[in-house]
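So you know, we letter chains A, B, ... as the sequences are listed, proteins then strands, and number each from 1. Note that the structure is a prediction, hence the values are computed from the model and not measured. Values below: all heavy atoms of this structure, side chains included; hydrogens, waters and symmetry mates excluded.
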2 protein chains.
Amino acid sequence: MVSAGPARRPEGYDPYAFEPFAVTVDLAVCTVRDGGLHLLLIRRGEEPYKGEWALPGGFVLPRESAGQAARRELAEETGLPDDVVAGLHLEQLRTYSDPDRDPRMRVVSVAYTALVPDLPEPHGGGDAAHAQWVPFGAYGSLAFDHERIVADARDRIGAKFEYTCLATAFCPPEFTLGELQQVYETVWGTALDRPNFRRKVLATPGFVEPVAGAARLTGGRGKPAALYRAGVATALHPPLLRPEGRPS
Amino acid sequence: MVSAGPARRPEGYDPYAFEPFAVTVDLAVCTVRDGGLHLLLIRRGEEPYKGEWALPGGFVLPRESAGQAARRELAEETGLPDDVVAGLHLEQLRTYSDPDRDPRMRVVSVAYTALVPDLPEPHGGGDAAHAQWVPFGAYGSLAFDHERIVADARDRIGAKFEYTCLATAFCPPEFTLGELQQVYETVWGTALDRPNFRRKVLATPGFVEPVAGAARLTGGRGKPAALYRAGVATALHPPLLRPEGRPS
DNA sequence: CTTTTTAATAGTCATGATGACTATAAAGGC
DNA sequence: GCCTTTATAGTCATCATGACTATTAAAAAG
């Protein structure tokens, strides 16, 4: 048995009795651009890892929750208006707490994933004007344990696509089934049969709803595709399983 | 846009520049006893919530990760030998960070779920000799936000049962298919068709493997059931979906 | 203005998994 | 032996799916 140690439950929780922990949030913000999955990254301006790519994020303030901090940081880094940020899908991913993940001090970080449609190039509202979209894999390495976070985010998103309607979060308000399929193919990295994909999506009540009479040319030529909006459903039953086995 | 505040990125991360955060782990340890889902709880010995039920847990020490802290606390609270605890399924659930979740100070807690087979009544090794199994719902309310944590744990376990082989973690080393089915029924709260359940489990390679020649009387009478061990598979494809819709 | 190209949409068909059953086998109690 | 109980074997219709082929509607090429 591990020794509990005399100081395990301090008298009255004296806040300064221990080496303090800092609590931060890290954001894995993903989008689909030009048929590829992209990640919102910043260039670090200070040591350690100065000049390297890192996930946006920052400290949780004394009077906010981690989720509030994540949404605030997202607004700051992307420069989007608050009401847009308020509507985005933000999901707590996991907490990373290795004692040595930050060489300066003990930092515990709560990671969040956000799925956004293809947005204009971000303009940081304040200190983070350097956030930009980078294609998955187009960065060499990331600062801290951020590569691990990104890998976890990717796995989670891929898995959630199987049994939720989350994919519409990557799409603009009105989209074609081809665009929705491309989102799936981009996230999963596999090709899907188009008629079968249509059948599945349309057979799931509330996944998408048609926009009456609307259509749009997809690639400039070919038959115009009907437009759809995200429906009210959130779950997919039965799930839409990836072709081969499990996560990559 | 939210104001960043002048102190958002402190000079050189001075560890004492802010009101410090405490980081704890909370454990939702579940088992199946007498056909019902049980939870490992302790009676709080101090204010706040003195005398009420709470999840076991404790502080993350300066040189350990949250996962290490969870395993250490689990060993301390259950009194199980370290090697047994090392083999148990422990999964990070979610982090709870509401600023007011603990009235004394800012405490961010990383919650873990553990699934254990029906163990002997726990004997706390040290300070927590009061941990005991309580049937789900048989406690009135729980301290802090622990009811929320338990609800999340239950949802997560139910969902994971659909697409993983996790249910065997609730079973002893050798078990009958009837016992495995009862685990599913207990966790999901629904009855399953016995022949169909058998078919599905046996048709999934690596879910269970037969123990050659072994059999056991299940309820005292009736035909003895064959014994199985947990197999090497971890995922279920296609998944074993709950009868009606989604989580409760 | 016809033909070609491209992409969306509509079907078909066989297979596999599933839900709802019925039937048989092996144990104990009487 | 007969009844009860529980495990196990098997049937059958339905539904979802993967792998296709066919048709339609547009733009671009000629």
- Note on the structure: Residues at least two apart in sequence or cross-chain that pass salt bridge (Lys or Arg N to Asp or Glu O under 4.0 Å) with B:Arg199, listed by chain then number, are none

- Query: OP1 or OP2 of D:dA9 less than 4.0 angstrom from a side-chain nitrogen or oxygen of B:Arg198, does that happen here?
  - Reply: yes

- Task: Would you mind reading off the distance between A:Gln181 atom CD and C:dA8 atom P, rounded to a whole angstrom?
- Result: 8 Å

- Contact under 4.0 Å: A:Arg194 side-chain N or O vs C:dA8 OP1/OP2: yes

- Answer yes or no: is there an ion pair linking A:Glu162 with A:Arg242, defined by an N-O contact shorter than 4.0 Å? yes

- Note on the structure: Sequence neighbours excluded, the answer for side chain to side chain donor-acceptor pair (under 3.5 Å) partners of A:Gln92 is A:Tyr112

- Item | Gap between atoms CD and P, on B:Glu185 and D:dT6 respectively (whole Å) | 13 Å

- Task: Whole angstrom is fine here: how far is it from CG in A:Leu192 over to C1' in D:dT17?
- Result: 13 Å

- Do A:Leu227 and A:Thr176 have side chains that get closer than 4.5 Å, going by heavy atoms? yes

- Are B:Phe175 and B:Tyr228 near enough that their ring centres are under 6.0 Å apart? no

- For residues B:Thr204 and B:Lys200, determine if any side-chain heavy atom of one lies less than 4.5 Å from a side-chain heavy atom of the other. yes

- Task: Scan A:Ala203 against the nucleic acid and name what it touches under 4.0 Å (heavy atoms): base, sugar-phosphate only, or nothing.
- Result: nothing

- Query: Quick one: what's the B/S/- string for nucleotides 15-25 of chain C, heavy-atom cutoff under 4.0 Å, read 5' to 3'?
  - Reply: --SBBBB---B

